[in-house]
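What you see is a predicted model; the values in this text were computed from it and never measured.
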Amino acid sequence: MKNFKKVIFLIIISSFIVFAQEELDKMPEIKGGIQELAKNIKYPESAKVEGIEGKVLVKAVIDEVGNVESAEVEKSVNKDLDEAAISAVKLTKFTPGEKDGKFVKAEVVIPIKFKLDSKKEKS
């Protein structure tokens with residue numbers, strides 16, 4: 001293994017922001033919690049090498065059964081980080097949103113913050 005840098009990345013996933021024409025009774029939620037989404041995120045090697053960090057906003061449509069119907073970048077940082085964020089969201093399962101006791105399609109924005117921790121290991 002190369003010991004050029006110990007790279008630990010932190011992914012901070014903030015609250016969802018739901019955009020809907022009607023107010024939902026219950027917003028979509030990640031099945032298994034934020035840890036499940038974090039498991040799907042792969043920090044791109046190219047971004048690690050170049051030291052690229054930032055927050056990608058992914059807008060996703062969650063269907064009535066909790067699948068991600070579509071996902072697109074709302075706020076970009078870098079092509080590679082954007083692709084990693086979209087891929088992770090698409091692999092994630094959700095509980096669907098609810099309105100009047102029925103499952104409904106909902107649009108959410110998921111902020112994913114990529115941060116490198118390049119502290120040198122103590123000898």
Side-chain angles (χ1 to χ4, degrees):
M1 286 182 119
K2 294 181 183 178
N3 194 2
F4 73 97
K5 255 195 226 186
K6 181 179 181 184
V7 180
I8 301 171
F9 66 93
L10 304 172
I11 301 160
I12 301 168
I13 304 159
S14 304
S15 302
F16 294 118
I17 303 167
V18 174
F19 296 95
Q21 290 183 350
E22 300 177 46
E23 190 175 314
L24 297 178
D25 297 329
K26 184 178 177 194
M27 296 182 349
E29 295 177 1
I30 298 170
K31 286 185 178 180
I34 290 173
Q35 300 82 0
E36 288 302 309
L37 175 59
K39 287 178 188 176
N40 294 328
I41 299 173
K42 306 290 185 245
Y43 209 117
E45 195 61 38
S46 61
K48 287 181 190 177
V49 171
E50 294 178 32
I52 299 171
E53 301 177 327
K55 184 176 7 178
V56 177
L57 297 181
V58 177
K59 180 168 57 173
V61 175
I62 310 303
D63 69 15
E64 298 86 353
V65 294
N67 294 319
V68 177
E69 190 173 278
S70 65
E72 63 183 37
V73 173
E74 184 83 359
K75 178 183 173 247
S76 176
V77 171
N78 159 279
K79 179 182 173 255
D80 294 334
L81 292 183
D82 295 350
E83 289 175 2
I86 286 175
S87 177
V89 169
K90 285 182 174 179
L91 291 170
T92 302
K93 298 294 181 193
F94 293 78
T95 58
E98 289 185 42
K99 177 70 177 167
D100 299 326
K102 296 180 183 178
F103 294 129
V104 295
K105 188 182 295 190
E107 193 173 275
V108 296
V109 175
I110 305 164
I112 301 174
K113 184 174 183 179
F114 291 86
K115 179 156 179 57
L116 294 167
D117 182 357
S118 57
K119 295 177 187 173
K120 294 182 181 176
E121 292 181 286
K122 294 179 182 179
S123 301

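- If you take CG on Leu81 and CD on Glu50, they are separated by 9.5 Å, rounding to the nearest 0.5 Å.
- No side-chain heavy atom of Ile52 sits less than 4.5 Å from a side-chain heavy atom of Asp80.
- Scored by the side chain to side chain contact (heavy atoms under 4.5 Å, CB included) test, Ala84 finds Pro44, Phe114 as partners (sequence neighbours excluded).
- Checked against salt bridge (charged side-chain N to carboxylate O under 4.0 Å, His left out), Lys39 has the following partners two or more places apart in sequence or in another chain: Glu36.
- Rounded to the nearest 0.5 Å, atoms CD1 (Ile30) and OG1 (Thr92) are 6.0 Å apart.
- Residues that satisfy the salt bridge (charged side-chain N to carboxylate O under 4.0 Å, His left out) test with Glu83, not counting sequence neighbours, are Lys79.
- Here the closest non-hydrogen pair linking Leu24 and Ala106 is CD1-CB, 3.6 Å.
- The side chain to side chain contact (heavy atoms under 4.5 Å, CB included) search around Pro96 returns Phe103, not counting sequence neighbours.
- Shown here for Lys55 and Lys75, the closest heavy-atom pair between the two residues is O-NZ, 3.5 Å.
- Taking OG of Ser70 as the reference point, atom CD1 of Ile86 lies at 10.0 Å (rounded to 0.5 Å).
- Screening Asp63, Val68, Leu37 against Phe94 for a side-chain contact (heavy atoms from CB on, under 4.5 Å) leaves a single residue, Val68.
- Considering every non-hydrogen atom in both Val77 and Glu53, the closest pair reads CG1-O, 3.5 Å.
- Closest heavy-atom contact between Ala85 and Val56: CB-CG1, 3.8 Å.
- The shortest non-hydrogen separation linking Leu116 to Gly51 is CD1-CA, 3.6 Å.
- Cluster membership for Val61 and Ile112, using ILVMFWY side-chain heavy atoms within less than 4.5 angstrom, is not shared.
- Residue Asp82 holds its CG atom at 12.5 Å from OG of Ser87, rounded to the nearest 0.5 Å.
- Rounded to the nearest 0.5 angstrom, Asn40 CG and Gln35 CD are separated by 12.0 Å.
- Considering all non-hydrogen atoms of both residues, Lys99 and Val104 come closest at CB-CG1, 4.0 Å.
- Residues passing the side chain to side chain donor-acceptor pair (under 3.5 Å) test with Glu69 are Lys105, sequence neighbours excluded.
- Remark: Glu98 pairs with no residue by the salt bridge (charged side-chain N to carboxylate O under 4.0 Å, His left out) rule, at least two apart or across chains.
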